[in-house]
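Each chain gets a letter, A, B and so on, in the order the sequences are listed, and its residues count up from 1.
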4 protein chains.
Amino acid sequence: MRTTDVTKTSAGGTARRAQLVGCAIDALVELGYARTSVAEVARRAGVSKGVVTYHFPSKEDLLGEVVVSLYRDAGEQIARAGAGDSVMSELEAYITSNLAFVAENPRHVRAVMEVASNVRPGDGRGEDPLVTHLQELIERGQASGELAGVVDAGVLAVTIRASIDAAAARAAVDPAADPRAHARHLATLVRLALRTEEP
Amino acid sequence: MRTTDVTKTSAGGTARRAQLVGCAIDALVELGYARTSVAEVARRAGVSKGVVTYHFPSKEDLLGEVVVSLYRDAGEQIARAGAGDSVMSELEAYITSNLAFVAENPRHVRAVMEVASNVRPGDGRGEDPLVTHLQELIERGQASGELAGVVDAGVLAVTIRASIDAAAARAAVDPAADPRAHARHLATLVRLALRTEEP
Amino acid sequence: MRTTDVTKTSAGGTARRAQLVGCAIDALVELGYARTSVAEVARRAGVSKGVVTYHFPSKEDLLGEVVVSLYRDAGEQIARAGAGDSVMSELEAYITSNLAFVAENPRHVRAVMEVASNVRPGDGRGEDPLVTHLQELIERGQASGELAGVVDAGVLAVTIRASIDAAAARAAVDPAADPRAHARHLATLVRLALRTEEP
Amino acid sequence: MRTTDVTKTSAGGTARRAQLVGCAIDALVELGYARTSVAEVARRAGVSKGVVTYHFPSKEDLLGEVVVSLYRDAGEQIARAGAGDSVMSELEAYITSNLAFVAENPRHVRAVMEVASNVRPGDGRGEDPLVTHLQELIERGQASGELAGVVDAGVLAVTIRASIDAAAARAAVDPAADPRAHARHLATLVRLALRTEEP
DNA sequence: AATGAATGAGGTTTCATTCAT
DNA sequence: CATGAATGAAACCTCATTCAT
């Protein structure tokens, strides 16, 4: 329980909001989406239900904050990873930084997965931008001849993304999992699949 | 609506059960887990709520049947695919038959995904048997020298499984997706990753 | 409390529905609109809250039924009153039958007033059809020369309607009030206002 | 929005109170009683919720002030209208000044109606003093022979009052309505009803 | 087998009010 | 004077489940 005393901790309700988001994450990880109610989050925070709806007018707002705060944190960290000087090293940096973030925030990642798998996408499809970005990266490398063109860029992009997510899911639930090792092995796998015959 | 008249169709109400499972699948696909209620399933079947609870003592039983019936069908079909004469061809058959099944049963697959992401796994951990099976297969190939040993068998197994699931998720929701093509490209990817230097 | 045993009273839930409407009327009269909750109605009926929402999916449905059942009853009774052979006698019949109905159903009338004064009219205005009907009647009499044209038909129509409603409000709350006497005096008033100089 | 800057405007916060009453009126007119919350009033005033409860210990106090401020204003204006030299002219002055006030303060009037229809009268019954006053006036005229005695003074009093209120309700909601014209026509109506046969 | 009625728990949200700063 | 945080009650609604017929 994140019942850390929050009084006098920070100006504005920022601390309280952060605490509530933290409790929501805990509830999502431990109970799943369906059993994560406003009441449950309030209970974990040791406050009344009203406090939650005071800081987050609706449940959607609270869970939305769980999601965006992850994207904010992940975005910052992954941006710092910077790009490599070749497509392959950029791919590797992508994989590594993603799973490094996962290794450090397994529960937050898991919580967002719970939310994502239970929110009906408004109107429908829409390519996953994460996958699209990967695919374009790979295609660029293939076009320049740096990478072999045998394997389908789209399928490889989906596969990389899915592998990262699977490792994340695992890490969130199994403290013994090692997302960084997964990253290394996945990078190897990708390198093998994309190596040109004669370097 | 699967309101096919079911009266006097079969002994023991097996047909009614099948109809209800079908309606549950439809509801899961169209409304998502949260909005799939017993009442909704009954409405779609054109019967009263009592009928559902009569055939399935609890909601869990109904959704459980959605899941096991998929595993039953998939198991049969994939078993028929048989094994190849080499580990690589067995891997390929696994990938292909899995995604062939997905291509033929996208809605049922999607429904099971809805259920799976909302049912808390009994107590927790537990290796995924599907992944374990793949991993053992790969390790066998690597031990015999048929396959290269550079890549980590566990990570590759997880990645294959994740890639298949991602393609399935996509196919279930996007009629334009082509799971069979995904299977071919994924098989290529695996072959590249596992090929020995000098065959 | 209308906790009359309803079991085995009638086929279908019609009796239960009627009982709930009755309890809603009682609550509206005794507590007013704001304090008339679904829970309160259930309590008065001696049933659980769920019963109310079972028969009336939403609170709006329940209160809507309070209103339409009044209009149904009133419509039938007033229709039976029939029309007179002159405009004046028709006006008199209107006033009399309206207040006779009020005299017999003071609580139901009061309940509907509570609802009416608390439901925001969807888009806005819209002439009150009851008033419009009266106004047309009066104008017809004035055009034919049967009634004096000095007084404004619209204002008289509004005034008659308002007077009836005021008497109704009074009757609903004061058992000593006499709506039928009010009707006689109001009719006299109208006759005086509309009499021609030389008959 | 009545967000007029009120700081340092007046001693004792009288201006703030007036501003809040004004915002409450706006909310009542635009949203109705049910949706007029303390928070809404504060929002419209551009201040925090606490300000409202500071100046008005309870919601009832705020809405009460909406009502009494109307009665105060109306009382002053109607008193200025003065009395006529005959009962009939006094009746006419009453009707005219009432509806003149309505014509000038339609929103305030509407707001008070919202409140009135949602506040349970203390214990119940109680003659309406406004009606009683009218009734006594009429009876006086009838006793002196100035007015005809055919029509019942009580019913006429109720009817006049109801007609004024109906016109007020209309004016509050329909800017095209003309309460002053209503007053003239109503006065005519009353005169006709009370004229003696041979003057 | 099937139905419709009933239950009661639980969910989200709104709100008047209190209070420390 | 003013604020923002917190509370707790109450409202409406949904739903899985039980049961008599």
Peer 1: Distance check needed: dA1(E) P versus Q19(B) CD, whole Å only.
Peer 2: 14 Å
Peer 1: Heavy-atom distance under 4.5 Å between the side chains of V38(A) and L62(A), does that happen here?
Peer 2: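 When only atoms from C-beta onward are counted, L62(A) and V38(A) do not touch, as no gap falls below 4.5 Å.
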Peer 1: Would you mind reading off the distance between H55(D) atom NE2 and dC1(F) atom C1', rounded to a whole angstrom?
Peer 2: 7 Å
Peer 1: Is any side-chain nitrogen or oxygen of S48(A) closer than 4.0 Å to OP1 or OP2 of dA6(F)?
Peer 2: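 So the side-chain polar atoms of S48(A) never come under 4.0 Å of the phosphate oxygens OP1 or OP2 of dA6(F).
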Peer 1: So, using side chain to side chain donor-acceptor pair (under 3.5 Å) as the criterion, who are the partners of N105(D) when residues are at least two apart?
Peer 2: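 Checked N105(D) against side chain to side chain donor-acceptor pair (under 3.5 Å); zero matches.
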Peer 1: So, using salt bridge (Lys or Arg N to Asp or Glu O under 4.0 Å) as the criterion, who are the partners of E30(B) when residues are at least two apart?
Peer 2: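 Listed in chain order: R44(B), R107(B).
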Peer 1: Does the side chain of R16(C) get closer than 4.0 angstrom to OP1 or OP2 of dG4(E) through an N or O atom?
Peer 2: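 Looking at the OP1 and OP2 atoms of dG4(E), neither is under 4.0 Å from any side-chain N or O of R16(C).
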Peer 1: If you round to the nearest 0.5 Å, how far is CG of N118(B) from CZ of R35(A)?
Peer 2: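 One finds 11.5 Å between CZ of R35(A) and CG of N118(B).
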Peer 1: Rounded to the nearest 0.5 Å, what separates atom CG in L31(B) from atom CD in E40(B)?
Peer 2: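 Reported to 0.5 Å precision, the distance equals 5.0 Å.
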Peer 1: Rounding to an integer number of Å, can you tell me how far R17(D) CZ sits from dC1(F) P?
Peer 2: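 In whole Å, dC1(F) P and R17(D) CZ are 11 Å from each other.
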Peer 1: Only counting residues at least two apart or in another chain, list the ones meeting side chain to side chain donor-acceptor pair (under 3.5 Å) with D73(A).
Peer 2: none
Peer 1: Please pick, from dA5(F), dA16(E), dA6(E), the nucleotide with the shortest atom-to-atom distance to any side-chain atom of Y54(A).
Peer 2: dA5(F)
Peer 1: Hunt down any stem DNA chain E takes part in, defined as 3 or more consecutive Watson-Crick or G-U pairs whose two distances are each under 3.5 Å.
Peer 2: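 Output for stems: E:2-21 with F:2-21.
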Peer 1: Would you tabulate the pairs of protein nitrogen or oxygen atoms and nucleotide nitrogen or oxygen atoms of nucleotides 17-20 of chain E closer than 3.5 angstrom?
Peer 2:
residue: dT17(E); atom: OP2; partner: K59(D); partner atom: N; Å: 2.7
residue: dT17(E); atom: O4; partner: K49(D); partner atom: NZ; Å: 3.2

Peer 1: Taking salt bridge (Lys or Arg N to Asp or Glu O under 4.0 Å) as the test, write out the residues that go with R72(A), two or more places apart.
Peer 2: E65(A)
